2 protein chains.
Amino acid sequence: MSSRPTMHDVARLAGVSIKTVSRVVNQEPRVDPDTRSRVQEAIDELGFRRNEQARSLRPGQSTALIGLVTGDLSNPFYSSIARGIEEVAHEHGHLLLTASSEEQPGRERQVIGAFLQHNVAGLVVVPTPQAHLQLTPEALRGIPVVAVDRPIGPTGTFDSVVLNNRVGAHAAVTHLLRDGHTRVAMIDGDPAVYTGRERTAGYLEALAEAGLASDPALILQGYHGDRQAEAAMHLLLDMATRPTAVFVTNNRIALGALKALHARRRSLALASFDDFELAGILPTPMTLVSYDAVEMGRQAARRLFGRIERRGGAPADIIIPVKLHLPEETN
Amino acid sequence: MSSRPTMHDVARLAGVSIKTVSRVVNQEPRVDPDTRSRVQEAIDELGFRRNEQARSLRPGQSTALIGLVTGDLSNPFYSSIARGIEEVAHEHGHLLLTASSEEQPGRERQVIGAFLQHNVAGLVVVPTPQAHLQLTPEALRGIPVVAVDRPIGPTGTFDSVVLNNRVGAHAAVTHLLRDGHTRVAMIDGDPAVYTGRERTAGYLEALAEAGLASDPALILQGYHGDRQAEAAMHLLLDMATRPTAVFVTNNRIALGALKALHARRRSLALASFDDFELAGILPTPMTLVSYDAVEMGRQAARRLFGRIERRGGAPADIIIPVKLHLPEETN
DNA sequence: ATGAAAGCGCTAACAC
DNA sequence: GTGTTAGCGCTTTCAT
């Protein structure tokens, strides 16, 4: 339980000054090879590790820490992003702090504050709609921020990495229409969420392009989570003239929809955003819009380190491509 | 881009000494209410935040940081654990650092080293088999460690939080046997992994208890990942006298098994560790051993903070209960 | 109730 | 090539 060794301890053991130890530790060039190896021996013998806390106290020395705020780390989408960020952070010798906002602006404010107190070198945020309120220039003081999955507040102030939501939804719905479906319903969650809005827009665009009027009765919004989505699907199945195909805006909703179909022993053409490992095995044919969430994290982190290293340029919106999987391929 | 305000700045603005500011920030009692509010105003005006880095430089002051090492954060099992830890860490005013070992001892050593350099107050580790080599008392210097999912090295040296693997496997297999199955096969991944070993043991115990000899031909080991598991299931289906039921030790293997069954349009009784959201919808009836991974993380974190706060006692093995889901319930 | 001064472990100037 | 010194922002004696 002895306290950890300092450069001072190493210096004493090696019979040199603390500065020489610092030089060796930081791989500075102008050190005599003999001295260097003597110091290195002392370091090994004591098991010395530089105290990062102390190092980064000096002005200009960043903390080698970056922070990530997501809605809920246990969500595989977010944890995949975290994984990608972690990977790039590691390449840059940085460690990753994670915290969940639970999609609540209050929590978000709190965790961003905590990150700033720990002097993170940068922040990746899956922002709540109020995120721009906490991420003011005064609070940030030059600490770079990259938004993931959703942009932050007014466009053009922060870098962002988002999916090609509109195009993905458009492609999925267009596929259904090409298959001959004319009554294509849609189920979305909270209409306040950026991704849902974009995907809804893609759905509408596809209908319009095909010369179909969108039927308000077939557009169900505000059904978040699988339970509510299940109810929504039941509503659709209860209709006098049922839709023959349904586009749902995420995998939680898809799950609920599948449950409802299963309960009623029915099937129809289903299209969804987000991949489904078991899709190929299900009795319901699914058209899926998939993407690489880990890569999303990597891109965000790369952008962040670009900013941390003071590579400038205007804030950019990085678009992650999506891929359409047709049911014929998966089954 | 002005540099962040320090206690010094606050002190000057409030017309007091830096120590008084420190007292206010730390909520120490003996401060004049007037002075306190004057200081508070200055803090608010400047947007002052205490620098955690500097605070924790003083000896005895911990970093308010804990570290988590998992195999791969993008794995939902691990990220659920991370979520539970995060939750408890937040309650204790700590932040969570995460890193992935990729199940490689070298990476594990590296990230643990990095965490120690950042003066984490404690560590939660999903250990590789070699973890005990990095987690020596000399390297740790009193920093507490809790193992999750698998114990670390020789038992009795570290606290651990693990699932009731044996009992879960036993219960699942016993259920199959009670249903009248006599040829129950098993597919496992890497036999070096603790959880797989325990689950295999539970399988064997259940057979023995039922008075059945275990048939080596029905025990397939070393099939990690869904691809290899798929092949394993094909092997079973190719047998002259096929098993009528199969127990698989995790959900990756279950996925492969399901794919094989689907490809050959066959069905048999399948039992698996780990839950499956879509289990109720699949054509194959599944017996599932489920558990609360988030709670696992919470328990580990609680234990860790017990140690950080110097509450002693011998290292304990905390067992997380599992639950059996029969196919009748889910379908 | 408040303040002055020392020092945590490290790095950056600036000697020598 | 190596050492001395100052100081990062904070907390902690110890005075007052």
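Below, chains carry the letters A, B, ... as their sequence lines are ordered, and counting in each starts from 1. Since the structure is predicted, the reported quantities are computational estimates derived from the model, not experimental observations.
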List the protein contact pattern of nucleotides 7-15 of chain D with one symbol per nucleotide (5' to 3'): B for base contact, S for sugar-phosphate-only contact, - for none; contact means a heavy-atom distance under 4.0 Å.
BBBBBB---

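In this model, no donor atom of one side chain and acceptor atom of the other lie less than 3.5 Å apart for B:Asn51 and B:Arg4.
In this structure a side-chain-to-backbone donor-acceptor pair under 3.5 Å is present from B:Arg150 to B:Pro127.
Atom CG in A:Asp34 sits about 14 Å away from atom C1' in D:dT2, given to the nearest Å.
The phosphate of C:dT2 (OP1 or OP2) has a side-chain N or O of B:Thr35 nearer than 4.0 angstrom. In this structure, A:Thr20 reaches the D:dG3 phosphate: one of its side-chain N or O atoms is under 4.0 Å from OP1 or OP2.
Every residue meeting the ring pair (Phe, Tyr, Trp, His ring centres under 6.0 Å) condition with B:His92, not counting sequence neighbours, appears here in chain and number order: B:Phe305.
As judged by a 4.0 angstrom heavy-atom cut-off over every strand, B:Ser56 is placed among residues making no nucleic acid contact.
A salt bridge is defined here as a Lys NZ or Arg NE, NH1 or NH2 lying under 4.0 Å from an Asp or Glu carboxylate O, and B:Arg30 with B:Glu28 fails to meet this definition.
With B:Val10 as the partner, the side chain to side chain contact (heavy atoms under 4.5 Å, CB included) test is satisfied by one option alone out of B:Val21, B:Val25, B:Asp44: B:Val21.
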For residues 104-111 of chain A, which side-chain donor-acceptor pairs fall under 3.5 Å, sequence neighbours excluded?
| from | atom 1 | to | atom 2 | distance (Å) |
| --- | --- | --- | --- | --- |
| A:Arg107 | NH1 | B:His90 | ND1 | 3.4 |
| A:Arg107 | NH2 | A:Ser100 | O | 3.3 |
| A:Glu108 | OE1 | A:Thr128 | OG1 | 2.6 |
| A:Glu108 | OE2 | A:Thr128 | N | 2.9 |

